[in-house]
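First the structure, in the form of structure tokens, and then the observations on it.
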Amino acid sequence: MSSKRKAPPSAAAADPPRRTGRRQQRIAATVLLTPFTALLIAVFLIPVGYAIYLSLFSEDHEGLGFGGGRTVFTGLRSYLSVLQDPSFLSGFGTIALYCVIFVPLVVISSLALALLLDSGLIRLRRTAQMLVYLPHAVPGIIAAVIWLYLYTPGLSPVIKLFAQADITIDFLGLHTVLPSIVNIALWSGLGYNMIIFYAALQALPREVIEAATIDGAGGIRTALQVKVPIVRASVVMVCMFSLIGALQLFTEPMLMNQATPMVNSRFTPNMYIYDAAFRRNNYGLASAASVILLIVTCVLSYAVTRWSGRRERRA
């Protein structure tokens with residue numbers, strides 16, 4: 001009798017299981033990404049598209065402005081008006097100065113606190129974390145009201161305390177109002193960024209820290225030469241988030257606008273947008289300013305990301 005050998009399974013026979021597995025992966029990815037995509041479209045892409053649409057039109061009122069107006073297509077005229085407006089450009093100058101003061105302060109201070117907590121020198125670390133993080137849990141407008149009370153002459157116990165020591169200080173003056181705003185933002189954001197850095201430090205391999213200690217590195221040297229370089233990605237992320245938050249500065253100066261003439265109604269780009277939309281009723285101008293602010297934010301975020309990527313490749 002002649003025995004027949006079984007033919008080895010062909011590649012075509014193995015393809016169906018692979019195709020089935022890929023199809024299941026695509027289905028799972030679609031299911032997981034659908035909620036995010038829906039929210040992205042609903043809360044970001046549609047508003048951005050509507051803002052671009054509004055920026056291309058304006059309300060035209062005939063005669064003395066009485067009666068209803070008609071919507072006319074103006075193209076890029078609103079963008080040119082925004083870019084030629086000195087108050088809008090000066091708002092970006094204010095934000096630039098704010099970033100120069102705020103971003104280094106919040107990054108260095110929160111990283112120093114995280115390193116201090118990670119070193120084990122502070123007792124009751126959980127309590128310390130809660131106390132530092134607690135200001136972030138306070139809503140921004142409430143925090144601004146609290147600090148505005150502490151900045152207002154005649155009400156502030158801090159100013160009265162300085163006055164008893166023959167020290168006169170005006171927190172809402174020409175040269176001090178911006179540092180006062182930075183102080184509010186720093187008080188609110190320090191704990192949140194500290195938690196980010198502390199979580200990154202907790203994920204470091206303990207073997208690396210032990211090796212540095214065995215090599216004779218002290219606590220400060222270990223922190224600066226071992227821990228900080230490893231959490232560089234978290235530093236870049238905090239810098240980018242702080243930069244984006246600075247471009248959105250609105251609550252603190254908006255409240256201070258009621259207390260000091262040093263903060264006008266167009267102090268920042270966001271305040272310019274609010275003033276154009278709700279005080280001048282020029283939604284086309286406000287939409288154009290919003291789109292320009294979005295473009296600036298995206299460009300700066302991209303620049304920070306590319307810069308950090310090049311630094312990592314060189315390292």
Side-chain angles (χ1 to χ4, degrees), residues 95 98-162 169 171-172 176-204 219-220 223-224 227-228 230-260 263 267-268 270-271:
I95 289 297
Y98 173 85
C99 289
V100 169
I101 302 173
F102 172 71
V103 175
L105 274 177
V106 72
V107 172
I108 294 173
S109 302
S110 55
L111 182 58
L113 282 174
L115 289 169
L116 193 59
L117 289 172
D118 186 66
S119 67
L121 296 176
I122 296 181
R123 296 180 180 180
L124 303 174
R125 277 187 290 182
R126 298 296 180 188
T127 305
Q129 288 178 39
M130 183 191 69
L131 292 176
V132 176
Y133 183 80
L134 192 59
H136 181 72
V138 179
I141 190 168
I142 302 300
V145 169
I146 293 172
W147 281 101
L148 184 60
Y149 165 74
L150 295 175
Y151 290 156
T152 303
L155 297 176
S156 172
V158 177
I159 295 178
K160 291 179 181 178
L161 187 63
F162 278 116
I169 184 168
F171 292 107
L172 303 177
T176 55
V177 66
L178 191 61
S180 297
I181 295 173
V182 169
N183 178 64
I184 300 174
L186 186 66
W187 182 78
S188 301
L190 190 63
Y192 176 78
N193 294 314
M194 183 268 295
I195 293 296
I196 294 176
F197 286 134
Y198 184 71
L201 290 171
Q202 289 295 295
L204 295 182
I220 297 178
L224 297 179
K227 294 181 179 180
V228 172
I230 295 178
V231 299
R232 184 182 302 166
S234 298
V235 174
V236 173
M237 182 181 68
V238 169
C239 287
M240 187 168 63
F241 286 172
S242 301
L243 185 63
I244 294 173
L247 289 170
Q248 298 173 357
L249 184 65
F250 178 77
T251 304
E252 294 85 355
M254 192 66 183
L255 282 176
M256 289 190 174
N257 173 248
Q258 311 297 324
T260 173
V263 178
F267 189 71
T268 66
N270 265 342
M271 292 180 66

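Quantities reported herein were computed from a predicted structural model and do not represent experimental measurements.
A distance-only check finds a donor-acceptor pair linking the side chain of Tyr151 to the backbone of Ser180 [under 3.5 Å]. Of the possible polar contacts, none joining the Asp118 side chain to the Ala114 backbone as a donor-acceptor pair under 3.5 Å is found. A donor-acceptor contact shorter than 3.5 Å is absent between the side chain of Thr152 and the backbone of Leu155. Under the 3.5 Å distance criterion, the side-chain polar atoms of Ser234 are left unmatched by any main-chain donor or acceptor of Ala200.
For the atom pair CG (Leu115) and CD1 (Ile108), the distance works out to 11.5 Å, reported to the nearest 0.5 Å. To the nearest 0.5 angstrom, Ile142 atom CD1 is 9.5 Å from Leu255 atom CG. Interatomic distance, Leu111 CG to Leu201 CG, rounded to the nearest 0.5 Å: 7.0 Å. Taken from NZ in Lys227 to CZ in Phe197, the straight-line distance is 14.0 Å, to the nearest 0.5 Å.
Within a 6.0 Å sphere centred on CD1 of Ile141, heavy atoms belonging to other residues, nucleotides or ligands number 12 at most. Atom OH of Tyr192 has 12 or fewer heavy atoms from other residues, nucleotides or ligands within 6.0 Å. For Phe250, the CZ atom is densely surrounded, since the number of other residues' heavy atoms within 6.0 Å is greater than 12.
Of all the heavy atoms in Leu186 and Phe102, the pair that sits closest is N-CE1, 3.7 Å. Nearest heavy-atom pair, Ala259 versus Leu148, reported as atom, atom and distance to 0.1 Å: CB-CD1, 3.7 Å. Listed here is the closest heavy atom pair of Val132 and Leu113: CG1-CD1, 4.0 Å. Of all heavy-atom pairs between Trp187 and Pro135, the closest is O-CB, 3.2 Å. Among all heavy-atom pairs drawn from Ile169 and Phe162, the shortest one is CG2-CD1, 3.9 Å. A pairwise comparison of heavy atoms in Gly189 and Asn193 identifies O-ND2, 3.0 Å as the closest pair.
Evaluation of the side chain to side chain donor-acceptor pair (under 3.5 Å) test over residues 237-251, restricted to residues two or more places apart or in two chains, returns none.
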Q.
As a quick check of understanding, evaluate side chain to side chain contact (heavy atoms under 4.5 Å, CB included) for Ile95 and Leu247, giving each step before the final call.
A. CA-CA 6 Å; Ile95 289 297; Leu247 289 170; 3.7 Å; yes
Q. Leu243 and Cys99: side chain to side chain contact (heavy atoms under 4.5 Å, CB included), yes or no, with the steps?
A. CA-CA 7 Å; Leu243 185 63; Cys99 289; 3.7 Å; yes
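At a threshold of 4.5 Å between non-hydrogen side-chain atoms, the residues Pro157 and Tyr149 count as touching.
Evaluated for a side-chain contact (heavy atoms from CB on, under 4.5 Å) with Ser110, the options Leu190, Ile195, Val235 yield exactly one hit, Leu190. Just one of Asn183, Val263, Ile181 meets the side-chain contact (heavy atoms from CB on, under 4.5 Å) condition when paired with Glu252; it is Ile181.
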